[in-house]
Protein chains: 2
Amino acid sequence: MVRQDLSQKKMPLYLVISEELREKIIGGEYAPGEQLPSEYDLGEIFKVSRTTVRKAIANLVNQGLVTSRRGKGVFVRESSKITLALSNPLTSFEADLARQGIVSNASTIELGKIQASPEIRLRLNLSPKESQVYRQRQIISVGESPIALDTAYFPLEVGEVLAEQLQSGFTYATLDRYGFTLKRAEITLECTRANPQLSKYLNVAIGAPLLVYEYAVRTVGEGIVACGETLSSADRMCYSVVLDRD
Amino acid sequence: MVRQDLSQKKMPLYLVISEELREKIIGGEYAPGEQLPSEYDLGEIFKVSRTTVRKAIANLVNQGLVTSRRGKGVFVRESSKITLALSNPLTSFEADLARQGIVSNASTIELGKIQASPEIRLRLNLSPKESQVYRQRQIISVGESPIALDTAYFPLEVGEVLAEQLQSGFTYATLDRYGFTLKRAEITLECTRANPQLSKYLNVAIGAPLLVYEYAVRTVGEGIVACGETLSSADRMCYSVVLDRD
DNA sequence: TAGTGGTCTAGACCACACG
DNA sequence: GTGTGGTCTAGACCACTAC
């Protein structure tokens, strides 16, 4: 029968079950990669309906502890995060991963001129005359699995200079090479959740947490030459930064 | 009857419903703070069982779009994030919020000596002789609602100097004032999910995404004088950093 | 007391994986 | 075919909110 945690008399059944499973996972009783008992078996073990078992498992999925695979079973996740350093000078996603010995692959899924949204106009500090910008979207993958979706925006004048370079992937170094001397990068990091579209791109569950790396880079002369954001699965990414006292 | 998105013939019902509601929320048809129709009514509207309606709503909750309140209803969330700047020189959580005109309140929930875990020993770079550290935990609140749980660790020699100061809250400025000249801060930002204990401290759902701000600060002479981590609800926090080219 | 969301059941059918 | 998870139903009871 199901045991009730004495400190919390009125915990719902599914929570009791998900907590018990959670402890076994954290404690290593169920090892990473290992399969949990089937929903039916868990129902037998805990003497509850399958619906309740499923609710408990949904909870574990939500906490990122397990993944379920239709037709196969529920498995303990093996997590390994990739760390991206916000270094100075700025490097690209790929360059930084390469520095860590991780081979990544960026595939451009879109590159072209679009009408600038008010928000992008603001972020690129466009003059009222400029209505279009270049937008580049790419999927960054490590091995077979996609880990990030990057969207970058460039003013037309910048985009035209870089157009063919962008096909093979944007790097901060490219900007530098083409005479845009980078002076400053403004970055914000926050968290959002996957909507159905993003969940397909990044191969995560709907509602799964995503890290949002939002950036704008400036040169001495030109002002802002690029902005954009990189969305990545929060379970697979981690950002680091070192601040040195001036 | 329920409409099927033509581009995706086999979307499950609950997804169709949650997507339709999502669009209405994003589009402002349901305004922030507004109540959605009751589960019963939504079942009537979409001609599905209450279970399916509930699954759709669970989806929206997962995406951070709505919150449900027992006995009252389901409401569209009004989100407003607090931005914390990783500035140079380092400031404390409270100081930075104050700079933005936000009044915060830190209450120390624990302060004392503990046995250092291997991980903390490593992070503080303790010598084999040092087995204890000071640990300080505090809840940072804005208004009535808790937004972050901070845990800081200090080597004994540092903690003893600061002990009474720590009661009223740790700040980087305090360290400076007591002769620990800060030289460098190493920071990582990542995302985790609330377990039942954290969900109580931070008043979020179990499994809700949390931002983890992990830090270690060094002085010129002493090496690492503090490390710790700040956990905050990912829906309410956002970190920013500016990198200037040397 | 009426209305709301929260939990739980038993059972049905479907889609996918594997031998 | 058998076993697995995924979707969905109809209905029950509980806990909380508001009047």
Side-chain angles (χ1 to χ4, degrees), chain A residues 1-2 4-5 8-21 30 33-62 65-77 196 199-200 203-208, chain B residues 1-2 4-5 8-21 30 33-62 65-77 196 199 204-208:
Chain A
M1 208 41 172
V2 177
Q4 271 283 356
D5 188 327
Q8 284 287 332
K9 211 60 177 182
K10 288 182 231 161
M11 263 214 268
L13 270 181
Y14 74 87
L15 247 189
V16 175
I17 294 168
S18 103
E19 275 303 278
E20 188 154 332
L21 292 174
Y30 290 122
E34 191 176 339
Q35 181 173 7
L36 262 53
S38 73
E39 295 179 349
Y40 178 81
D41 288 345
L42 286 172
E44 292 284 301
I45 292 168
F46 290 105
K47 304 289 179 214
V48 297
S49 73
R50 191 176 155 221
T51 311
T52 301
V53 168
R54 280 184 61 73
K55 182 115 200 237
I57 290 174
N59 215 326
L60 297 175
V61 171
N62 247 357
L65 291 169
V66 302
T67 55
S68 60
R69 291 196 264 272
R70 161 143 49 179
K72 301 183 82 172
V74 176
F75 300 83
V76 179
R77 284 185 52 159
S199 83
K200 267 177 209 160
N203 192 29
V204 296
I206 292 174
Chain B
M1 209 40 174
V2 179
Q4 271 282 356
D5 188 327
Q8 286 287 331
K9 211 58 176 184
K10 287 181 232 162
M11 262 213 269
L13 271 180
Y14 75 87
L15 247 189
V16 175
I17 294 167
S18 103
E19 274 304 277
E20 188 153 332
L21 292 174
Y30 290 122
E34 191 176 340
Q35 181 173 8
L36 262 50
S38 74
E39 294 179 349
Y40 178 82
D41 289 345
L42 286 172
E44 292 284 301
I45 293 169
F46 291 105
K47 303 290 180 213
V48 296
S49 75
R50 192 180 154 218
T51 311
T52 302
V53 167
R54 280 184 62 73
K55 181 116 200 235
I57 289 174
N59 216 325
L60 297 175
V61 171
N62 247 358
L65 290 168
V66 302
T67 55
S68 60
R69 292 197 264 271
R70 170 159 21 196
K72 303 182 82 172
V74 176
F75 300 83
V76 179
R77 283 186 53 158
S199 83
V204 296
I206 291 174

Inset, instruction - For A:I57 and D:dG5, give me the distance from atom CD1 to atom C1', rounded to whole Å. - result: 9 Å

Inset, instruction - Measure the CG-CG distance between A:L21 and A:L42 for me, rounded to the nearest 0.5 Å. - result: 6.0 Å

Legend entry - Counterpart residues, side-chain contact (heavy atoms from CB on, under 4.5 Å), relative to A:S49 (two or more places apart): A:T51, A:T52

Inset, instruction - Figure out the CG/P separation between A:L42 and D:dG3, and round it to whole Å. - result: 17 Å

Inset, instruction - Please collect all salt bridge (charged side-chain N to carboxylate O under 4.0 Å, His left out) contacts where either partner lies in residues 67-77 of chain A, sequence neighbours excluded, each pair once. - result: A:R77-A:D235

Legend entry - Selection: residues 49-56 of chain A, any non-hydrogen atom under 4.0 Å of DNA chain C: A:S49, A:R50, A:T51, A:T52, A:K55

Inset, instruction - Calculate, to the nearest 0.5 Å, the distance between atoms CG and CD1 belonging to B:N62 and A:I206 respectively. - result: 10.0 Å

Inset, instruction - Could you check how far CD of B:E39 sits from C1' of D:dC16, rounded to whole Å? - result: 14 Å

Legend entry - By side-chain contact (heavy atoms from CB on, under 4.5 Å) - contacts of A:V61 (at least two apart): A:I57, A:V66

Inset, instruction - Kindly write out the residues that satisfy side-chain contact (heavy atoms from CB on, under 4.5 Å) with A:D41, not counting sequence neighbours, or none if the list is empty. - result: A:P37, A:S38

Inset, instruction - Apply salt bridge (Lys or Arg N to Asp or Glu O under 4.0 Å) to A:E39 and list each qualifying residue two or more places apart in sequence or on a separate chain. - result: A:R50, A:R54

Legend entry - Bend angle of the helix from C:dT1-D:dA18 to C:dC18-D:dG1, from helix axes over five pairs at each end, nearest 10°: 10°

Inset, instruction - Would you please name every residue forming a side-chain contact (heavy atoms from CB on, under 4.5 Å) with B:S68, sequence neighbours left out? - result: B:V74

Inset, instruction - Would you name the heavy atoms of B:S18 and B:A56 that are closest together and state the gap between them? - result: CB-O, 3.4 Å

Inset, instruction - Please list, in 5' to 3' order, the outermost nucleotides of DNA chain C lying under 4.0 Å from any heavy atom of chain A. - result: C:dT7 to C:dC18

Legend entry - Distance, nearest 0.5 Å, that separates CG of B:L60 from NZ of B:K55: 13.0 Å

Legend entry - Nearest-angstrom distance from the residue atom CZ of A:R70 to P of D:dG5: 12 Å

